[in-house]
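Contents: one structure, followed by commentary.
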Amino acid sequence: MLRFWPILVLLLGGLFYWGMQRPNPNELKSVLVGKPAPSFSLPLLEPYRAQYGPEMGVRAGLGKPVLLNIWASWCIPCRTEAPLLERFHQQYRDQVLILGVNVQDSEAEALKFIQQYGLTFPSVYDGRGRIGIEYGYYGVPETFVIDRNGTVLARHAGELSEAQLRGYIEQVLR
Amino acid sequence: MGWLLLLALALAQPSPNTPPPDFSPEVFEIARELRCPVCQGESAAESNAGIAVEMRRIIAEQLAQGKSRAEIREFFVQRYGDWILYEPPARGLTLWVWLSPLVGLGLLGFGLWRYLAGVRARAQLTASDVSEEEIARLEAELQPRERQP
């Protein structure tokens with residue numbers, strides 16, 4: 001048995017290396033990737049009702065790719081992400097719908113957040129975060145990239161960098 | 001007397017692990033098998049994070065609709081994958097998680113068997129190594145004393 005020890009050491013080393021290489025659980029792919037995005041319709045937050053109507057959501061026949069961004073006013077990374085999303089909304093508003101879903105939050109706090117960052121992309125209110133669970137979310141912020149046929153292309157957990165956001169938009173417009 | 005009263009009061013406190021009265025214990029039993037997605041090492045039954053509370057609410061609603069435990073578990077697996085289950089199903093890569101203790105036991109048994117076989121072989125070898133003369137001398141030593149001159 002003892003003469004096999006180099007093989008055993010190599011096996012254990014290999015197992016250790018494989019364990020270290022495994023992706024972070026936060027980067028686990030969503031089971032929704034490649035599947036139709038769950039459709040929903042939720043009440044829009046007050047500042048957007050005049051332009052978009054009382055409700056908004058993901059549904060068939062939108063004819064536009066959607067970047068579904070799940071956020072909350074108490075979430076710190078959302079504070080750096082919000083101005084970035086706003087800038088891209090200004091740039092791509094005709095080609096891509098950036099739709100915010102405010103979860104696990106109070107409506108008053110959400111409105112304060114929107115005002116503070118001057119967000120013009122629409123956000124719906126999902127106080128209990130049920131749509132988040134429908135999409136299998138892990139936390140905020142989280143972004144789902146949905147193509148114009150309503151298929152989920154990617155899920156991004158955590159804050160988006162400018163390069164990542166640009167990458168997703170290019171992917172979805174291809 | 002005061003001590004007794006204190007003891008009685010302490011015993012009268014509800015255990016901190018009993019579920020809050022808003023959902024039935026069955027909700028918590030199902031939630032205990034599911035991970036809380038935003039927590040580290042906490043089930044959806046233990047956590048008070050908003051998402052875990054909502055998961056318990058969904059479980060309660062689906063139980064009220066007459067859905068079975070397996071159907072409720074499947075609801076979460078469809079949205080989060082097997083990751084959401086505390087006990088991974090015995091298939092695919094996770095099959096190894098279930099089999100590894102057996103493999104470990106098998107290897108241990110094999111090692112022990114090899115070791116004992118070695119010990120036995122060595123014992124037999126030493127026994128057969130003793131020369132005839134040595135055995136005769138040993139037997140002589142073991143003879144009762146009175147026979148000796």
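This structure is a prediction, so every number in the text was calculated from the model and none was measured.
- Note: B:Gly50 leads B:Gly118, B:Cys36, B:Cys39, B:Gly50 in heavy-atom pairs under 4.5 Å with chain A.
- Only the backbone of A:Tyr135 has a heavy atom closer than 4.5 Å to any heavy atom of chain B.
- With hydrogens and angles ignored, the 3.5 Å screen pairs no side-chain donor or acceptor of B:Tyr80 with any backbone N or O of A:Ser30.
- Using a 4.5 Å heavy-atom cutoff, the side chains of A:Arg130 and B:Ile58 are in contact.
- Under a hydrophobic clustering in which Ile, Leu, Val, Met, Phe, Trp and Tyr are joined whenever their side-chain heavy atoms come within less than 4.5 Å, directly or via other members, A:Val103 and A:Trp74 fall into the same cluster.
- Using a 4.5 Å heavy-atom cutoff, the side chains of A:Val31 and B:Trp83 are not in contact.
- Using a 4.5 Å heavy-atom cutoff, the side chains of B:Arg35 and A:Tyr138 are not in contact.
- Taking hydrophobic clusters as Ile, Leu, Val, Met, Phe, Trp and Tyr residues chained together by side-chain heavy-atom distances below 4.5 Å, A:Tyr52 shares a cluster with A:Ile146.
- Environment of OH in B:Tyr86: crowded, with over 12 heavy atoms of neighbouring residues, nucleotides or ligands closer than 6.0 Å.
- Hydrophobic cluster membership is shared by A:Leu173 and A:Leu85, with clusters built from Ile, Leu, Val, Met, Phe, Trp and Tyr side chains linked at under 4.5 angstrom.
- In the displayed structure, B:Gln65 atom CD is contacted under 6.0 Å by more than 12 heavy atoms of other residues, nucleotides or ligands.
- The cluster map of Ile, Leu, Val, Met, Phe, Trp and Tyr, joined by side-chain heavy atoms under 4.5 Å apart, puts B:Leu95 and B:Leu102 in the same cluster.
- No part of B:Tyr115 comes within reach of chain A, as not one of its non-hydrogen atoms sits under 4.5 angstrom from that chain.
- In this structure the side chain of B:Glu54 reaches within 4.5 angstrom of the side chain of A:Ile133, judged on heavy atoms.
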